[in-house]
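In what follows, a single structure is set out as structure tokens and then discussed.
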Amino acid sequence: MQNGSTSRSLTGRVAMVTGASRGLGAAVAIELANRGVQIIGIARSGGALQEIDDRIRSSKGAMTIAEADITDSGAVAGIFRSVQERWGKIDMLVHAAVYAAPLSPAAHGDPGELGLSVQTNVLATANLIAMANTPLRESDFGVAVFFEDDRAGQKFFGAYGSTKAAQIALARSWQREARRIGPRIEIFRPRSMPTATRKRFFPGEDHSALTRPNEEARRLVETVF
């Protein structure tokens with residue numbers, strides 16, 4: 001992971017955060033908003049996004065709700081157009097949205113779950129990269145953040161592990177391609193957190209030793225931005 005400059009002010013920056021309704025995506029949206037960043041929060045659940053918006057506004061932050069499924073390329077394209085029309089820029093893309101297929105043996109995997117995993121974790125990511133590349137390059141700050149979760153090859157993680165690995169492979173290719181011309185691409189490895197996704201993977205786990213999402217969000221912002 002490259003280190004960003006923590007001396008740059010974030011006030012007035014515009015950040016698009018996918019998966020902003022819960023978990024680390026929500027925590028990052030709140031942390032950035034608390035530092036003066038205008039948030040465009042994208043998630044499928046408008047109600048959950050509204051709760052995050054209420055929390056941000058209660059702290060005098062600013063968030064625009066964009067209820068959409070990231071696999072809907074037309075909806076995502078519309079969000080990018082609206083953002084550029086209103087603010088004329090996109091300074092940050094934080095891609096926290098992910099589809100976590102139920103754990104199952106590779107030999108008995110559900111093709112439908114694998115298809116959803118590919119659509120969300122791989123194809124939607126490729127689409128986001130294509131749409132965000134130019135707006136981020138036009139910013140004097142432009143940075144995109146992806147979250148690594150190395151489950152590839154682990155037992156029962158076939159659908160999630162393989163598609164998450166493919167997502168990060170796309171991000172790393174973009175990172176190398178953009179090294180000289182921008183934008184800056186960061187691959188961040190979060191510590192284990194008691195998120196809904198992890199609870200699905202490890203039901204009954206003792207959460208006392210896990211890191212809270214707000215703590216990881218603070219670490220991310222201070223490390224990357």
Side-chain angles (χ1 to χ4, degrees), residues 1-8 10 13 15-37 39-45 48-49 51-56 58-59 61 63 70 92-103 117 120-121 125 143-157 159-169 171-172 175 184-225:
M1 181 179 67
Q2 305 172 36
N3 287 326
S5 171
T6 56
S7 62
R8 294 184 291 182
L10 299 182
R13 298 295 180 182
M16 186 177 291
V17 182
T18 72
S21 63
R22 64 179 186 176
L24 186 55
V28 171
I30 292 169
E31 181 69 24
L32 286 172
N34 287 341
R35 295 172 186 248
V37 177
I39 305 298
I40 295 89
I42 304 174
R44 291 182 299 174
S45 173
L49 276 176
E51 292 179 12
I52 302 304
D53 181 53
D54 290 344
R55 290 181 61 181
I56 286 174
S58 70
S59 299
M63 176 174 170
I70 63 167
M92 312 171 197
L93 170 66
V94 181
H95 185 29
V98 69
Y99 182 73
L103 301 186
S117 300
T120 307
N121 301 341
T125 298
V143 57
V145 182
F146 298 84
F147 298 99
E148 192 166 27
D149 186 2
D150 191 13
R151 300 287 175 188
Q154 293 187 16
K155 292 192 300 183
F156 310 119
F157 278 93
Y160 175 78
S162 61
T163 55
K164 186 64 176 173
Q167 178 189 87
I168 297 304
R172 290 196 186 283
Q175 183 182 58
R184 180 162 57 93
I185 314 302
E186 296 284 357
I187 314 296
F188 185 81
R189 183 187 290 270
R191 297 173 179 134
S192 297
M193 299 169 288
T195 61
T197 296
R198 187 173 179 88
K199 290 174 183 177
R200 288 182 62 192
F201 289 158
F202 305 105
E205 180 182 39
D206 179 6
H207 295 160
S208 62
L210 302 182
T211 304
R212 307 301 300 178
N214 65 310
E215 295 171 3
E216 278 302 271
R218 188 176 306 113
R219 184 170 74 91
L220 180 150
V221 171
E222 293 176 353
T223 300
V224 171
F225 300 121

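Index from 1, following the sequence.
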Evaluate the side-chain proximity of [Y] to [X]: yes if any heavy-atom separation is below 4.5 Å, no if none is.
X	Y	answer
Met193	Arg212	no
Leu210	Glu205	yes
Thr125	Phe146	yes
Lys199	His207	yes
Met63	Leu49	yes
Thr195	Arg22	no

So which heavy atom on [X] is nearest to which on [Y], and how close?
X	Y	result
Pro213	Leu24	O-CD1, 3.8 Å
Phe188	Val145	CB-CG1, 4.3 Å
Ala101	Ala159	CB-CB, 3.8 Å
Asn121	Tyr99	OD1-N, 2.8 Å
Leu32	Ala15	CD1-CB, 4.0 Å
Arg219	Pro190	NH2-CA, 4.1 Å

Would Tyr160 and Asp149 count as having a side-chain donor-acceptor pair, cut-off 3.5 Å? yes
Quiz question: by atom type and distance under 3.5 Å, do the side chains of Glu216 and Thr211 form a donor-acceptor pair? no
Find the distance between [atom1] ([X]) and [atom2] ([Y]) and round it off to the nearest 0.5 Å.
X	Y	atom1	atom2	result
Leu93	Ile42	CG	CD1	8.0 Å
Arg172	Ile185	CZ	CD1	12.0 Å
Arg35	Phe225	CZ	CZ	10.0 Å
Asp54	Ser59	CG	OG	11.0 Å
Thr120	Gln167	OG1	CD	10.0 Å
Leu220	Arg191	CG	CZ	11.5 Å

I'd like to know whether Ile52 forms a side chain to side chain contact (heavy atoms under 4.5 Å, CB included) with Ile30, so could you lay out the CA-CA distance, the side-chain angles of the two residues, the decisive distance to 0.1 Å, and finally the verdict. CA-CA 7 Å; Ile52 302 304; Ile30 292 169; 4.0 Å; yes
Is it the case that more than 12 heavy atoms not belonging to Arg198 sit under 6.0 Å from its CZ atom? yes
In sequence, state the C-alpha distance, the side-chain angles, and the governing distance for Ile187 and Gln175, and then conclude on side chain to side chain contact (heavy atoms under 4.5 Å, CB included). CA-CA 9 Å; Ile187 314 296; Gln175 183 182 58; 4.0 Å; yes
Passing option when Met92 is tested against Ile39, Val17, Leu10 for side chain to side chain contact (heavy atoms under 4.5 Å, CB included): Leu10
Please walk me through it: do Arg151 and Lys164 pass side chain to side chain contact (heavy atoms under 4.5 Å, CB included)? CA-CA 8 Å; Arg151 300 287 175 188; Lys164 186 64 176 173; over 6 Å; no
Assign the ring pair Phe202 / Phe157 to parallel, tilted or perpendicular, where the plane angle (0 to 90°) is split at 30° and 60°. tilted
Begin from the C-alpha positions of Leu103 and Arg200 and carry the test side chain to side chain contact (heavy atoms under 4.5 Å, CB included) through to its verdict. CA-CA 9 Å; Leu103 301 186; Arg200 288 182 62 192; over 6 Å; no
